[in-house]
Structures are given as structure tokens and as C-alpha cells.
Amino acid sequence: MWEVFIRSKAGLDHKHAGSLHAADAQMAMENARDVYTRRMEGVSIWVVESSHIHASDPDQASSMYDPANDKIYRHPTFYNLPDEVKYM
Amino acid sequence: MTVHSFQEHFDSLIDREIAIEPKDWMPDDYRKTLIRQISQHAHSEIIGMLPEGNWITRAPSLRRKAVLLAKVQDEAGHGLYLYSAAETLGVSRDELYNQLHTGKAKYSSIFNYPTLTWADMGAIGWLVDGAAIMNQVPLCRASYGPYARAMVRVCKEESFHQRQGFEIMLNLSNGTDVQKKMAQDAFNRWWWPSLMMFGPPDAESPNTVNSVRWRIKRLTNDELRQKFVDVTVEQAKILGLSVPDKDLKWNEERGHYDFGVINWDEFWNVVMGNGPCNKQRLETRKKAWEDGKWVRDAAMAHAAKRKERKAKAA
């Protein structure tokens, strides 16, 4: 099983498109072209064996992202500036 | 978390319209319902190639042949998107194929009707794909992420399928008397089975309540069927063809067309395996799978050889 990532045009990220079965990387690439880019959906394809992907556990999400939760000062809107200040 | 709180968490995600993803906890019945629905849909795409494959070599022009090939190729693709989505729920591709080949899993019963004339390619695109789109557009917002994403892709591609079908019907209805008759005949044969595609009436649809609760389905079978009738009757007027239903009548009060009683005995009979082509479709599919075995074996052998060669060269 392989995961397919497609860059839709130069300058954009590769984005997950779906998955497929293949015997090796070359076949995965050929299949990805036939299955996921029949209408010029991409200019570049990545294929990754699904077993090589390590995913975070959604049940741990609250503790996983907890450290970022109370740091609103990382966002620009946290700072109150007078309206007269321009270009900032 | 206890099972109870898992369930509460799941329900709250559903209620807040937050997508469920493969690694999220989900109730067993939700998983089972999805596997059944997604795989049935995938099987329908695969079997759906057969009635049209029948006409590829006999398409009336090179343009029509190229179009029909592209449509059938899309259907193979749609089957693959959907099988992959089902696999994220923990069922294997082999198991899904096995369910199809042993008759344990169903596919849309519309594909058990024969394609007798070229006009059937028009009627299938216009009506069968039209009904499928009506069904599928709300599924792009289904609660299970991989399914919804697959459906977005399917719907984007499906639109040309319906338009090319309507175009075939339009050409035939503007053609000679024989061609017009052929179009009307195809319409007569595909109209009722298309209405059946939306499934049994709500009152007799055992799966609807849960599917709506879980936001797998957004509209009920009857709601979708009515929508389909309302838009398709208007399209038939443009073709100058008459809808084969003597009870069809605009209902001012409801703002919808009233239509005749559907022959549900026929529907269940086809579902049970007694349609005109059930046996033939399944046999063709199984034969294709068995005849393709050497290709799969050769691909694996080739990949192994390639790997070996690479190892030697390194």
C-alpha cells in the first residue's frame, strides 16, 4: 500500500491525494499517474509506502498540543497598539 | 477514556460537524455501515464498467469511442478511490474483492440491466449518472473524512459523464425517426430502474435512520428521488422525449412532480440476483479477475527482479 502526494502546480506544497496498491515504487508512481492525475491535476508526484508513515494518536491530541494552548502571545493580535500606528 | 466517554466524544464530533478520521475512535456499527456503503459503491463503479464496455468497440465515431473509454477509465479510478477509503477502516482489498465475487456484497442493481442499443449509452450517462450525482453530491459532506474526500474527487469527474450522455440523447432525438425512436426506447427502459437507484422508500429503508444520525447520509432516499424526478422531467422536455409514466403530474401545492408507483417487487427481485444480467455481470467480473492473475503475478515477479538487479548493481 502506497500513499500518493501531488503538487498541483509549481510553488505549492505536495498534498495527500489518496492511496493505492503497487509492487514497488516505480509501479506506484505509474499507478499514481493513472489514478490521480487523469486531468492534469499535478506537476509532481510523491509516493510513500504507507507503512513508513508514523502518525500521531488522535486520542493524545489534547496533551500533545497542550503546550501551545496557553501561548496566545505568539499571535500578532495579542498586542494592543494605538490605531495611529500604520504599516505594522 | 471509558467506552461511554469515547461514545460521547464521537457524538459530539458528529454534532459539531467535525470529520471523523481513520485513527479516531468510532462505534463498531458506524465502521460497519461505512465499510458496507463505501464498498458497495466501489463495487458499483467496477461492475458499472461492464454494461458500457459492451459498446466501446461499437461506438459510432472515434470521438464517441474516446469519450466512452475515458468514462470507463474514470469508473475504474472511482472504484480505486473508494476501495482505498474503505481500506482505511481496517478491511483488506482482498476481503472486499472476495465479498464481491462470492455475491456476499451487493452493487447497484441498475447494472444488472442489459445495454441493447447505442442509445443506452446516452440514457445511462444522462439518467444513471445523473441519479448517481444526485446521490453523491451530499456524500462530499459525509462525516468520515476519507470517504468525503474520495467523493469530492468522484463528483468533480462525474459531471462530464452525465453531460456526454445527454449530448448523445440530444443528437439522437434530433436525428432520424429511427434514431428518435431508439432514444425514446432507451429512456423507457432506463427511467424506472434509475428511480430505483435511490433505494427503497424511507419507511422501508432499515439503514437510513442511523446513516442520517451519523451524517453519512444527508438526505433520505425519497428526498433524493423527488429531486431527481423534478430536474429530469424538465430535461426530457428539452429532448422532446416523453417520460414513461402516465401518473406523472406537476403538483402545484407541493411544488414537485407527483409520479407513479415504483415496482418494488422488480427492484427486490433484481437485488436478490434475478435481474436480466446478474449472473453474466458477476461471471464476467470473476473471469476478468482470474484471467488477470498472470498480470498481477508478473508485476510482482518483475518488481522482485528489479529489486535484485538494483541490489547487485549497488
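In what follows, every heavy atom counts, from backbone to side chain, and hydrogens, waters and symmetry copies are set aside.
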Just checking [X]: does its [atom1] atom have more than 12 heavy atoms from other residues, nucleotides or ligands closer to it than 6.0 angstrom?
X         : atom1 : value
Leu62(B)  : CG    : no
Asp13(A)  : CG    : no
Lys305(B) : NZ    : no
Tyr79(A)  : OH    : yes
Met64(A)  : CE    : no

For [X], is it the side chain, the backbone, both, or neither that has a heavy atom closer than 4.5 Å to a heavy atom of chain A?
X         : value
Glu157(B) : both
Arg149(B) : neither
Arg153(B) : side chain

**Prompt:** Which residue out of His78(B), Glu87(B), Met300(B), Glu21(B) racks up the most heavy-atom pairs below 4.5 Å with chain A?
**Reply:** Glu87(B)
**Prompt:** When only pairs under 4.5 Å are counted, which of His302(B), Arg93(B), Lys156(B) shares the most heavy-atom pairs with chain A?
**Reply:**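 Maximum pair count with chain A is reached by Arg93(B).
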Checking heavy atoms, do the side chain of [X], its backbone, both or neither come under 4.5 Å from chain B?
X        : answer
Ala22(A) : neither
Ser50(A) : neither
Ala61(A) : neither

**Asked** Can you tell which of Arg39(A), Glu41(A), Met27(A) has the highest number of heavy-atom pairs within less than 4.5 Å of chain B?
**Response**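 Most pairs with chain B among the choices: Arg39(A).
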**Request:** For Tyr81(B) and Val35(A), indicate whether the former's side chain and the latter's backbone hold a donor-acceptor pair under 3.5 Å.
**Result:** yes
**Message:** If we ignore hydrogens and angles and just use 3.5 Å, is the side chain of Ser84(B) paired with the main-chain N or O of Ser19(A) as donor and acceptor?
**Reply:** yes
**Asked** Under 4.0 Å between a Lys/Arg side-chain N and an Asp/Glu carboxylate O for Asp24(A) and Lys307(B)?
**Response**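 Salt bridge: no.
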**Prompt:** Given the rule in the side chain to side chain donor-acceptor pair (under 3.5 Å) test, do Arg38(A) and Gln73(B) qualify, once you have shown the distances and angles that lead to the verdict?
**Reply:** CA-CA 9 Å; Arg38(A) 284 193 304 283; Gln73(B) 207 178 14; 5.2 Å; no
**Asked** At their closest point, which heavy atom of Ala303(B) faces which heavy atom of Ala23(A), and how far apart are they?
**Response**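 For Ala303(B) versus Ala23(A), the nearest heavy atoms are CB-CB, 3.5 Å.
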